[in-house]
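Since the structure comes first, as structure tokens, the remarks are kept for the end.
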Amino acid sequence: MSSRYNHREVEPKWRARWADAKIDRALSPEEAKGKKKAYVLEMFPYPSGRIHVGHSRNYTMGDVIARFRRANGYNVLHPMGWDAFGLPAENAAMERGIHPKGWTYDNIAAMREQLKLLGLAIDWSREIATCDPAYYKHQQAMFLAFWKKGLVYRKKQKVNWDPVDNTVLANEQVVDGKGWRSGAPVETRELEQWMFKVTAYADDLLAAIEKLDKWPDKVRLMQSNWIGKSQGAKVWWEIAHAPDFLPPSPAGEPNHARDPIEVYTTRPDTLFGASFLALAPDHPLTKAIAAHRPDVAKFIEDCARLGTSEADIEKAEKFGVDLGIRVKHPFDESWELPVWAANFVLSTYGTGAIFGSPAGDQRDLDFANKYKLPFKPVVLPPGADAATYTVTKDAFTDDGVIYNSRFLDGLSTRDAIKRAIEELVKLGRGEATTQWRLRDWGVSRQRYWGCPIPAIHCAKCGVVPVPEKDLPVALPDDVTFDKDKPGNPLDRHPTWRNVKCPSCGGDAQRETDTLDTFVDSSWYFARFTDPNNEAAPFDKALANYWLPVDQYVGGVEHAVLHLLYARFFTRAMRDCGLLDLQSGEPFASLFTQGMVVHETYKSQSGAWLLPEDTDIKDGKRVELTTGATVEVGAIEKMSKSKKNVVDLDAFVNDFGADVARWFVLSDSPPERDVEWTASGVKGAWGFVQRVWSLVEAHGRPAPKPGEDAPAAANEGEALALRQLAHRAVQSVTDDIENFRFNVAVARSYELVNAIAKLKGDDEGKVFARGEALRILSQLIAPFMPHLAEECWEKLNFAPFVATAAWPVADPKLAARTTVSLPIQVNGKKRGEVEAPVGAPEADVRELALAHPAVKPFLEGVTIRKVIVVPDRIVNIVAN
RNA sequence: GCCCCAGUGGCGGAAUCGGUAGACGCAGCAGACUCAAAAUCUGCCGCAGGCAACUGCGUGCCCGUUCGAGUCGGGCCUGGGGCACCA
């Protein structure tokens, strides 16, 4: 009689044995001699509180790869750490009076225990937390090194300012143009901020994308669009008239209000369609005029209320104001155009000024229509008639033939761009130029819970770096988060700020800004290579050995920023001599996994409900305690805020870690979202039981890999099972290698079905069954490591399936000898023949034409062509 | 608004190079075992028509390329991710 598989006993037992044997420890390069290295890394978590099953997918995927590599003989580095600085800790501090440090470390402790429940093959001796001074000390040193290297500078930047809370707001804290806590309309302010010169590497960051051939194409495309190299022209528009209050232009003074306005355009071919110039609200000229014109000042204020988010600015209704300036058209002195300020012109891109060519740009057209500015089309779409073609509401932005444009008439868009630039250069009114969308990285945050920026402000010496011997600049613990005293607690700390200037020894103040948390996550993968190094961020030789990360796994939401910053940082670290990685690319292969989603539930009072607090009664979802009907909402990403989470502890207790792991990898392709459902859990649970009962029922040691099979195992049903098992080895190996975990799961089901189907206990069948069970245990080991160990032991192997060599398929057993060929007539399947693999074309053709199911469709028609694709298909073309 | 991605039975999905659409799982239906139920096992299971053999239709929508399209191209629709201070 078979006993039930008891995960509550089995899982902790194997975790303890793995830990005792230290099988997850990454070997040093010396210990690993002869082995290839594999660095497998999942994006490390923010310690938000508790782990739910949604988080587990990311780590499980990485774990499958890590275990698979280990079985294939690699020296594996698979570490875990905590992205531990950030806003939620401060929010918790403000809302619940808990110190961010205590909150964070409590969360880390809880989440570490939860993660361990999953049985991940992680080298816990390398755990790091970014909020640990032992970590950020090196980050501060790197900041100083970058500074020395000219990669750090200070610049004024716009921020969202809450005038009631007196604090800077993150974009996410701006809701409908208002501060999320105060509800006050947001203002924009300019603050002096620390910047990283990402643009210094713009060319290389773009060019190197081509070599990242193990990254998803979509991510590579998003990266290159983000960097956004564009070829275009600068055009200088001379002032024809300006208000008298603008002072006359003194010779040689740069950026003077009466200087020609510099505009960047990618479409100089449409210059003859220009109908106005538009400046950004914070263009120097707009500001200069606002000083004298209340309506312009009001316009700037209205724009400020939109916040700093590009999405919000571009989605807002277009509005502008005529600045009362007239400029001369670069190709015709007598042609004057008005200059406006407009909310949709971004000061952060190009020169912060554009020329509006309404027929060829939708935003310009909307703006021209709103303010009744005249315009005419200059690009004729292919096939359109110049005499009748007009543009009213829809701009034509594609290529066409230029007309209404004097010397450009008749040229294609591409030729006209060249010709127009030539002319601009000849007239001294412009030049060809390359423009980047990529901006430098503003890293200053006016917050407490982040890495302090190691700089000191001295009245005499200016901004001075903290000497390296004084690092770390540690965060003070004694801070308060009173609601009535908002802003950065470091700013109002009584003593922490006050220091002596390292340069002159006089009284000076510490920088109170901290670093963007993206900085913390831009080098953690390098720290993992040598996490306990006190003298340096990491030993150069160790970083050289382990980097780049061979497999990085994380969410697509990081496809642009985090990955770009990490790529920048790695180049900067290389150029500061910290490591030798020539490519500067931290992640050789990237996989972006989908989210775990779940239905959302709301009580009748509108409060979110946990799934575990609801139940289904008579086909309706009701509240467990009251029986009241529950409103079932959208299927969304598991998140604490919507409570559609399934807690990991409870789940592991009920079903086991293996079921959770198996479930998140089954059914849905890894890159797509997976919906957490009770029925899916049931399927995974049933599979665990089924595998175990087969192993128990077998009740014998299994043959060892490579052991000679008795003759009886190579005929009939036994042979069929052996063939299927060896094909499963090929398929699953290939599926894991290519991140098709859901397909690997399906193949495992097939193998289990086949094992269960083989009845009888003769010598051949026992061998085939034992072999298949051994293979099954090994194939599922990366997915369900605890169950696999238990099976492995029962089949009389030791010590661990986790450290056993990955199975190898016997090519003779895995190979197919015949193949079924569909026969089509005019592309429709009409029959099927079984043919030997590699059968000559002529034979196949004959078989197909003679096929009884096909013949009727060939009567009364002429056969035009017979297409035979070897081992795949036959198509008869007839009419 | 801009950039990127996805869409296949009742449901999750498979089809890896343009070559049998629906592997595998879930749900459902029928049967076996059982006093009964659960569990387990066996079989069926895209839609429409047909007693059946079989026929027609079918991969979000429209158009195209091809002997052949879920897969390639063009145009839409719907959902999701990102847009620089959420991580």
Side-chain angles (χ1 to χ4, degrees), chain A residues 43 45-46 48 83 85-88 91 157 159-160 168-174 193 198 216-219 221-226 228 308-316 318 344 348 362-363 366 437-447 516-518 521 555-562 564-565 592 594-595 597 636-637 666-669 671-675 677-684 686-687 689-690 693 734-735 738 740 742-743 745-750 753 756 820-829 831-832 853 864-867 869 872-878:
Chain A
M43 291 180 184
Y46 178 79
S48 56
D83 189 11
F85 276 134
L87 269 183
N91 292 336
Q157 285 276 291
V159 294
N160 298 310
V168 175
L169 296 175
N171 281 338
E172 120 179 309
Q173 298 174 322
V174 178
Q193 305 264 55
V198 179
D217 286 340
K218 62 173 174 183
V219 174
L221 197 55
M222 280 190 268
Q223 289 260 324
S224 56
N225 287 342
W226 184 266
T308 59
S309 148
E310 193 175 308
D312 289 343
I313 292 168
E314 292 202 34
K315 266 190 285 196
K318 289 164 193 57
F344 63 89
T348 50
Q362 195 59 46
R363 288 178 304 184
D366 294 345
R437 215 186 74 93
L438 181 68
R439 307 199 299 258
D440 283 334
W441 175 14
V443 293
S444 285
R445 297 293 180 270
Q446 293 68 44
R447 318 213 176 273
D516 179 5
T517 56
F518 270 127
S521 56
V556 246
E557 65 271 23
H558 294 295
V560 177
L561 288 179
H562 161 60
L564 185 76
Y565 292 148
T592 54
M595 301 173 296
V597 296
E636 295 188 54
K637 176 182 177 174
S666 330
D667 294 352
S668 277
E671 67 277 13
R672 231 185 281 173
D673 293 350
V674 61
E675 192 193 345
T677 57
S679 61
V681 169
K682 201 180 137 191
F687 184 72
Q689 298 301 334
R690 197 145 180 247
S693 68
D734 205 40
D735 292 335
N738 292 291
R740 287 189 302 261
N742 56 325
V743 182
V745 164
R747 297 291 163 254
S748 308
Y749 274 109
E750 277 171 349
N753 289 343
S820 88
L821 286 178
I823 305 161
Q824 298 180 330
V825 178
N826 293 326
K828 272 192 171 47
K829 187 191 159 194
E832 205 171 77
R864 303 284 173 197
K865 208 168 160 189
V866 179
I867 294 153
V869 183
R872 294 221 88 144
I873 202 165
V874 182
N875 191 12
I876 302 163
V877 186

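To find a chain, count down the sequence lines: A is the first, B the second, and so on, and within it residues start at 1.
As judged by a 4.0 angstrom heavy-atom cut-off over every strand, A:L221 is placed among residues touching the sugar-phosphate backbone only. Looking at heavy-atom distances under 4.0 Å, A:N738 makes no contact with the nucleic acid at all. Residue contacts for A:S748: at a heavy-atom cut-off of 4.0 Å it reaches no nucleic acid atom on any strand shown. A:R672 comes within 4.0 angstrom of sugar-phosphate atoms only, judged by non-hydrogen atoms across all strands, and of no base. Within 4.0 Å of A:K218, counting heavy atoms only, lie sugar-phosphate atoms of the nucleic acid but no base atom. A:V743 comes within 4.0 angstrom of the backbone, heavy atoms only, and of no base. In this structure, A:S666 reaches neither bases nor backbone, as no heavy-atom distance under 4.0 Å exists between it and the strands shown.
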Exercise for review: For side chain to side chain contact (heavy atoms under 4.5 Å, CB included), just list the numbers for A:F518 and A:L561, CA-CA rounded to whole Å, side-chain angles, deciding distance to a tenth of an Å, and then say yes or no.
Suggested key: CA-CA 8 Å; A:F518 270 127; A:L561 288 179; 4.0 Å; yes
Exercise for review: With side chain to side chain contact (heavy atoms under 4.5 Å, CB included) as the test, would you mind laying out the steps for A:K218 and A:T592 before giving the verdict?
Suggested key: CA-CA 10 Å; A:K218 62 173 174 183; A:T592 54; 3.8 Å; yes
**Study point:** Derivation of the side chain to side chain contact (heavy atoms under 4.5 Å, CB included) call for A:K865 and A:N875
**Key:** CA-CA 8 Å; A:K865 208 168 160 189; A:N875 191 12; over 6 Å; no
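The separation between A:N826 atom CG and B:U66 atom P is 15 Å, rounded to whole Å. Counting to the nearest Å, the P atom of B:U16 and the CG atom of A:D735 are 12 Å from each other. When rounded to the nearest whole Å, the span between CD1 of A:I876 and C1' of B:C67 equals 11 Å. Residue A:I873 contributes atom CD1, which lies 13 Å from atom C1' of B:A15 at whole-angstrom precision. In this structure, A:K828 places its NZ atom 8 Å from P of B:G58, rounding to the nearest Å. Per the geometry, CZ belonging to A:F344 stands 14 Å off C1' belonging to B:C2, to the nearest Å. Between the P atom of B:G12 and the CD atom of A:E671 lies a distance of 16 Å, rounded to the nearest Å. As rounded to whole Å, 12 Å separates atom P of B:A69 from atom CD1 of A:I867.
Applying the 4.0 Å criterion to OP1 and OP2 of B:G25, one finds that A:N753 has a side-chain N or O inside that range. Proximity of A:S668 to the phosphate of B:G13: a side-chain N or O atom is located under 4.0 Å from OP1 or OP2. Not one side-chain nitrogen or oxygen of A:R747 sits closer than 4.0 Å to the OP1 or OP2 atom of B:A15.
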Practice item. Encode nucleotides 74-87 of chain B as B, S and - characters from 5' to 3', where the letter depends on protein heavy atoms closer than 4.0 Å: B to the base, S only to sugar-phosphate, - to neither. Key: -------BSBBBBB
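Separation of the C1' atoms belonging to B:A84 and B:U78 is 29 Å when rounded to the nearest angstrom. Taking atom C1' on both nucleotides, B:C67 is separated from B:C72 by 16 Å, rounded to a whole Å. Comparing the same atom, P, in B:C29 and in B:U34 gives a spacing of 23 Å after rounding to whole Å. With P as the reference atom, B:G79 and B:U8 are 15 Å apart, rounded to whole Å. Distance noted for atom C1' between B:U20 and B:U71: 15 Å (whole Å). With C1' as the reference atom, B:G46 and B:G22 are 8 Å apart, rounded to whole Å. Going from the P atom of B:G49 to that of B:A53 covers 16 Å, rounded to whole Å. B:C86 and B:C77 have their P atoms separated by 31 Å, with the value rounded to a whole Å.
Side chains of A:T308 and A:N160: a donor on one and an acceptor on the other come within 3.5 Å. Residues A:N742 and A:R672 have side chains that never bring a donor and an acceptor to within less than 3.5 angstrom of each other.
Both distances falling under 3.5 Å, in either a Watson-Crick or a G-U wobble arrangement, occur for no nucleotide opposite B:A23. In this structure B:C57 sits in a base pair with B:G46, meeting the Watson-Crick or G-U test at under 3.5 Å. Within the shown strands, B:G1 is the pairing partner of B:C83 under the Watson-Crick or G-U definition, both distances less than 3.5 Å. The partner of B:A32, taking Watson-Crick or G-U wobble pairs whose two distances both stay under 3.5 Å, is B:U40.
At a threshold of 4.5 Å between non-hydrogen side-chain atoms, the residues A:W226 and A:R437 count as touching. The shortest side-chain heavy-atom distance between A:L438 and A:L564 falls under the 4.5 Å cut-off.
Within the 3.5 Å criterion, the main-chain N or O of A:V874 finds no donor-acceptor partner in the side chain of A:Q824. Under a 3.5 Å cut-off, the side chain of A:N826 and the backbone N or O of A:A878 do form a donor-acceptor pair. Side-chain N or O atoms of A:D440 include one that pairs as donor or acceptor with a backbone N or O of A:V198 at under 3.5 Å.
B:C26: glycosidic angle beyond 90° from 0, hence anti. Against the 90° criterion about 0, the sugar-base torsion of B:G9 places it in the syn range.
Between A:K682 and A:V877, it is A:K682 whose nearest contact on RNA chain B lies nearer the 5' terminus. Along RNA chain B, the nucleotide closest to A:N225 and the one closest to A:E832 are compared, and the more 5′ of them pairs with A:N225.
Closest to the side chain of A:R740, out of B:G25, B:A15, B:C4, is B:A15.
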